[in-house]
*Asks:* 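Sharing a structure, written as structure tokens. Questions coming.
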Amino acid sequence: MHVVFVDMETGNELLVTVSHDVAGLLAACQGESVTFPVGAYKYDAHSLDYYEDEGVYKQELVVYLKRQQT
């Protein structure tokens, strides 16, 4: 499944990836922090979105994160 990490403040996509262990990935995101090259973030929310791609319905997990204060 496609997984998109989004900065809640800016709406920018931090990372787009594919995972076959969505439950494990989501559990890990809800931990202490998620670190990207652009900074550390804290889990805020997630949603499961559906979209059509060339006549095929697909699903995508969107994980919303807030930048941690330094």
Side-chain angles (χ1 to χ4, degrees):
M1 175 185 303
H2 279 93
V3 181
V4 181
F5 295 91
V6 176
D7 183 326
M8 286 286 291
E9 294 175 13
T10 65
N12 292 337
E13 292 181 354
L14 301 168
L15 176 69
V16 177
T17 188
V18 174
S19 176
H20 298 287
D21 183 13
V22 176
L25 182 64
L26 193 55
C29 290
Q30 294 175 351
E32 195 65 31
S33 68
V34 181
T35 304
F36 297 94
V38 294
Y41 290 80
K42 183 79 175 158
Y43 172 87
D44 186 61
H46 68 276
S47 66
L48 186 59
D49 295 338
Y50 294 89
Y51 63 96
E52 185 178 350
D53 183 21
E54 297 181 8
V56 176
Y57 284 101
K58 298 183 179 182
Q59 57 187 358
E60 167 179 87
L61 176 66
V62 181
V63 180
Y64 299 97
L65 305 165
K66 290 184 180 177
R67 183 179 286 272
Q68 286 187 325
Q69 303 299 322
T70 56

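All residue numbers in this chain count up from 1 along the given sequence.
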*Asks:* Is it possible for you to say whether V16 and V22 belong to one hydrophobic cluster, with membership spreading through side-chain heavy-atom contacts below 4.5 Å?
*Replies:*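 No, no single cluster joins them.
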*Asks:* Linking I/L/V/M/F/W/Y whenever their side-chain heavy atoms sit closer than 4.5 Å, directly or via other members, would L26 and F5 fall into one cluster?
*Replies:*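 Result: yes, single cluster for both.
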*Asks:* Quick check on the hydrophobic clustering: are V4 and F36 connected, directly or via other members, by side-chain heavy-atom contacts under 4.5 Å?
*Replies:* no
*Asks:* Could you tell me whether the side chain of K42 and the main chain of E32 form a donor-acceptor pair under 3.5 Å?
*Replies:* yes
*Asks:* If you draw a 6.0 Å radius around OH in Y57, do more than 12 non-hydrogen atoms from other residues or ligands fall strictly inside?
*Replies:* no
*Asks:* Nearest heavy-atom pair of V6 and L14: which atoms, and what distance?
*Replies:*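 Minimum heavy-atom contact is C-CD1, 4.3 Å.
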*Asks:* State, to 0.1 Å, how close V3 and S19 come at their nearest heavy-atom pair, and which atoms those are.
*Replies:* CG2-CB, 4.1 Å
*Asks:* Kindly indicate, with the supporting measurements, whether the criterion side-chain contact (heavy atoms from CB on, under 4.5 Å) is fulfilled by C29 and Y41.
*Replies:* CA-CA 9 Å; C29 290; Y41 290 80; over 6 Å; no
*Asks:* Do you reckon V34 sits in the same ILVMFWY cluster as V63, going by side-chain contacts under 4.5 Å, direct or chained?
*Replies:*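 V34 and V63: one cluster.
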*Asks:* Mind checking the NZ-OG spacing from K66 to S33? Nearest 0.5 Å is all I need.
*Replies:*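 Going from the NZ atom of K66 to the OG atom of S33 covers 15.5 Å.
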*Asks:* If you compare all heavy atoms of L65 against all heavy atoms of Y43, which two are closest, and at what distance to 0.1 Å?
*Replies:* CD2-CA, 3.6 Å
*Asks:* Please examine the side chains of L48 and M1, heavy atoms only from C-beta on, and report whether any two atoms are closer than 4.5 Å.
*Replies:* yes
*Asks:* Indicate the atoms forming the closest heavy-atom contact of D44 with M8, along with that distance.
*Replies:* OD2-CE, 3.3 Å
